[in-house]
Amino acid sequence: MWLGSMGLAAASGALLGPTSPPRAATLPPRRVPKAPVRAAAPAAARPASPPLALVYDRDYLLYEGPKVGTFWESPTRLQAIVERLEGLGLAVETHPVLEATVEQLARAHTLPYIRYIKKATYLPQDEFALIRRVEKRLVNRPSRSGGDAARGPTDPAAAPQPVRRFESVVRYVRAPAGAPRMSRARPYDAAALAAGGAVRAVDEVMSGRAQSAFALIRPPGHHARRSKNMGFCIFNNAAVAARHAQTIHGAQRVLIVDWDVHHGNGTQEIFYTDPSVLYFSTHQENIYPKRSGKLKEVGAGAGRGFNVNVPLPPYTGDDGFVKVFEEILAPIARDFRPDLILVSAGQDAHMGDFVAKMRLTDAGYARLTQIMRRLAGELCGGRLAFVLEGGYSPTVAARAVETICRVLQEPPGIDVVGEGDRLPASPVLRSRIAQVKATHERHWPTLARSGGGA
């Protein structure tokens with residue numbers, strides 16, 4: 001694990017708890033010796049926990065993920081993030097991250113699926129099975145000549161003669177399997193190590209050794225379903241971390257906020273019937289995966305109302321995202337009262353990333369992080385952990401992660417970035433916010449009264 005100087009353990013006094021009462025307090029009153037009256041000595045100040053723990057392991061760079069078209073889950077993006085943070089002096093020590101155990105993984109995935117991943121040498125991206133290809137082919141087409149009318153209609157020589165010519169033809173073909181070229185880590189080892197990093201981030205904040213944590217891990221996880229890998233994701237890191245917080249640290253309620261530009265269909269599936277985990281997702285509508293993340297997907301059974309999707313129109317921008325977080329997320333979070341907040345932090349909603357059109361800027365990520373930090377401080381003792389998800393422009397992802405880390409380090413209220421893209425909320429976005437409120441106010445009545453302000 002890579003823990004900066006701010007990510008080390010707090011003083012041991014923070015973990016000892018209250019001391020036993022003095023023996024005199026257990027004696028009958030007449031036998032308690034009288035002590036001279038003295039001024040109480042000032043209590044020793046307890047050292048505060050570091051504001052941020054950064055969790056990282058060099059072995060995350062050993063895995064070569066699959067490539068589909070222009071999308072490639074490569075070590076380059078994480079390496080760019082780490083190098084940028086190291087350049088700022090935020091990382092000075094390296095410690096190993098332990099792979100998540102089968103027991104930890106099985107809290108979010110089925111055992112047959114875990115065994116399947118253990119045997120795999122690479123994982124084909126089945127959901128990208130067909131691609132549309134336009135090709136030029138030499139084909140036979142009838143000529144436009146009507147032949148020789150003098151010979152009569154029964155003469156074969158009078159029929160139009162075929163002519164060979166090039167024409168555009170659309171063909172659907174199976175995409176390449178996406179096998180890594182020279183991966184030095186098998187999928188299971190890489191994915192178990194990523195889940196282990198998310199678990200370690202939760203350990204840091206739940207134990208009080210850090211106020212917040214950021215797990216700089218790969219491969220990502222929020223598309224990984226209970227028994228299926230999807231979209232470069234193998235194990236669902238956030239889901240494994242949430243279950244770890246509940247099982248080991250006694251967290252009764254966990255809030256997962258997913259601001260990756262794609263919908264976390266795997267996280268949704270795992271917790272769809274579970275009222276102890278509230279899943280909140282903002283994502284661009286009608287992009288991968290297209291058949292999930294709909295407004296009407298609100299959970300089922302006991303978990304009804306605990307799954308909140310906010311599919312966003314393109315060009316939502318900084319102000320639009322902030323409006324969604326203040327008017328929808330904040331009221332629901334205050335009603336839910338989580339013991340821990342996890343953020344599935346993808347950086348592909350950034351205006352500099354080529355995969356989408358959401359127009360978030362560095363300042364936008366700073367404002368969202370400030371909201372999450374404020375809610376964590378108000379609701380769950382500041383316990384806030386980030387888990388790295390997508391982001392396919394290494395330079396842009398590195399800059400966005402740096403922004404998030406700067407916000408988490410500074411005292412609350414400090415502006416570390418400044419003005420961003422102040423694109424006003426569009427009528428389409430305002431209509432979508434109203435639709436989300438109408439869908440969920442039966443589950444969270446405070447939504448009907450929310451008007452903003454996190």
Side-chain angles (χ1 to χ4, degrees), residues 1-3 7 52-57 60 78 96-109 113-114 117 190-226 229 233-260 264-272 274 276-281 306 333 336 338-346 372 376 379-390 401 404 408:
M1 183 194 72
W2 181 62
L3 285 172
L52 176 63
L54 296 174
V55 179
Y56 170 73
D57 194 290
Y60 289 135
L78 182 55
V97 172
L98 298 178
E99 290 187 4
T101 64
V102 171
E103 180 183 2
Q104 290 170 332
L105 297 174
R107 294 171 187 149
H109 298 283
Y113 174 68
I114 296 171
I117 297 298
L193 193 66
V199 165
R200 182 59 185 268
V202 166
D203 286 339
E204 293 298 311
V205 298
M206 294 300 292
S207 66
R209 293 194 295 266
Q211 298 170 27
S212 60
F214 202 137
L216 303 173
I217 58 179
R218 60 177 292 271
H222 71 152
H223 293 309
R225 298 165 59 184
R226 190 179 299 277
N229 63 293
C233 302
I234 303 174
F235 294 135
N236 196 304
N237 305 315
V240 172
R243 288 301 191 212
H244 178 75
Q246 292 179 317
T247 305
I248 302 302
H249 296 284
Q252 296 183 2
R253 295 174 300 278
V254 178
L255 168 61
I256 300 178
V257 177
D258 189 338
W259 70 40
D260 191 283
N265 59 303
T267 312
Q268 172 175 290
E269 179 195 84
I270 291 170
F271 299 115
Y272 205 63
D274 187 349
S276 71
V277 177
L278 172 61
Y279 178 63
F280 179 91
S281 175
F306 293 86
F336 183 61
D339 300 306
L340 168 69
I341 297 178
L342 289 172
V343 179
S344 280
M372 299 314 305
L379 302 175
C380 54
R383 291 184 288 273
L384 175 63
F386 288 72
V387 178
L388 188 66
E389 297 287 358
V401 171
I404 295 168
L408 295 174

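Model, not experiment: these values are computed from the prediction.
The backbone N or O of Tyr60 lies less than 3.5 Å from a partner atom in the side chain of Arg218, making a donor-acceptor pair. Side-chain atoms of Glu99 never come within 3.5 Å of backbone atoms of Gly196 as a donor-acceptor pair (strictly under, hydrogens ignored). At distances below 3.5 Å, not a single donor-acceptor pair connects side-chain atoms of Asn237 with backbone N or O atoms of Glu389. Side-chain atoms of Asp57 come within 3.5 Å of backbone N or O of Val97 as a donor-acceptor pair. Distance alone, capped at 3.5 Å, is enough to place a donor-acceptor pair between the His109 side chain and the Arg226 backbone. A donor-acceptor contact shorter than 3.5 Å is absent between the side chain of Tyr113 and the backbone of Phe235.
Applying the ring pair (Phe, Tyr, Trp, His ring centres under 6.0 Å) rule to Phe214 yields the partners Phe386; only residues at least two apart in sequence or on another chain are considered. Residues that satisfy the salt bridge (Lys or Arg N to Asp or Glu O under 4.0 Å) test with Glu269, not counting sequence neighbours, are Arg225.
The shortest non-hydrogen separation linking Ala241 to Val202 is CB-CG2, 3.7 Å. The two residues Gly266 and Asn236 have their closest heavy-atom pair at C-ND2, 3.5 Å. For the residue pair Ala194 and Pro219, the shortest heavy atom distance occurs at CB-O, 3.7 Å. In terms of heavy-atom proximity, Asn229 sits nearest to Ile234 at CB-CA, 4.3 Å. Between Leu278 and Phe306 the shortest heavy-atom distance is CD1-O, 3.2 Å. Closest non-hydrogen pair, Pro338 versus Ala333, comes out as CD-O, 3.5 Å.
Distance check: Ile114 CD1 to Glu103 CD gives 10.5 Å after rounding to the nearest 0.5 Å. Expressed to the nearest 0.5 Å, how far CG of Asp274 lies from CD of Gln246 amounts to 6.5 Å. Atom CG in Leu78 sits 5.5 Å away from atom OH in Tyr56 (nearest 0.5 Å). Distance check, rounded to the nearest 0.5 Å: CG of Leu52 to OG of Ser212 gives 4.5 Å.
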Would you sort out whether Leu384 and Val205 count as a side-chain contact (heavy atoms from CB on, under 4.5 Å), showing the intermediate values? CA-CA 7 Å; Leu384 175 63; Val205 298; 6.0 Å; no

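For the 3.5 Å distance criterion, the side chains of Gln268 and Ser281 fail to qualify, holding no donor opposite an acceptor.
Partner Ser344 forms a side-chain contact (heavy atoms from CB on, under 4.5 Å) with one of Asp258, Asp260, Leu388 and no other, that one being Asp258.
Contact check for Leu98 versus Val199: no side-chain heavy atoms found under the 4.5 Å cut-off.
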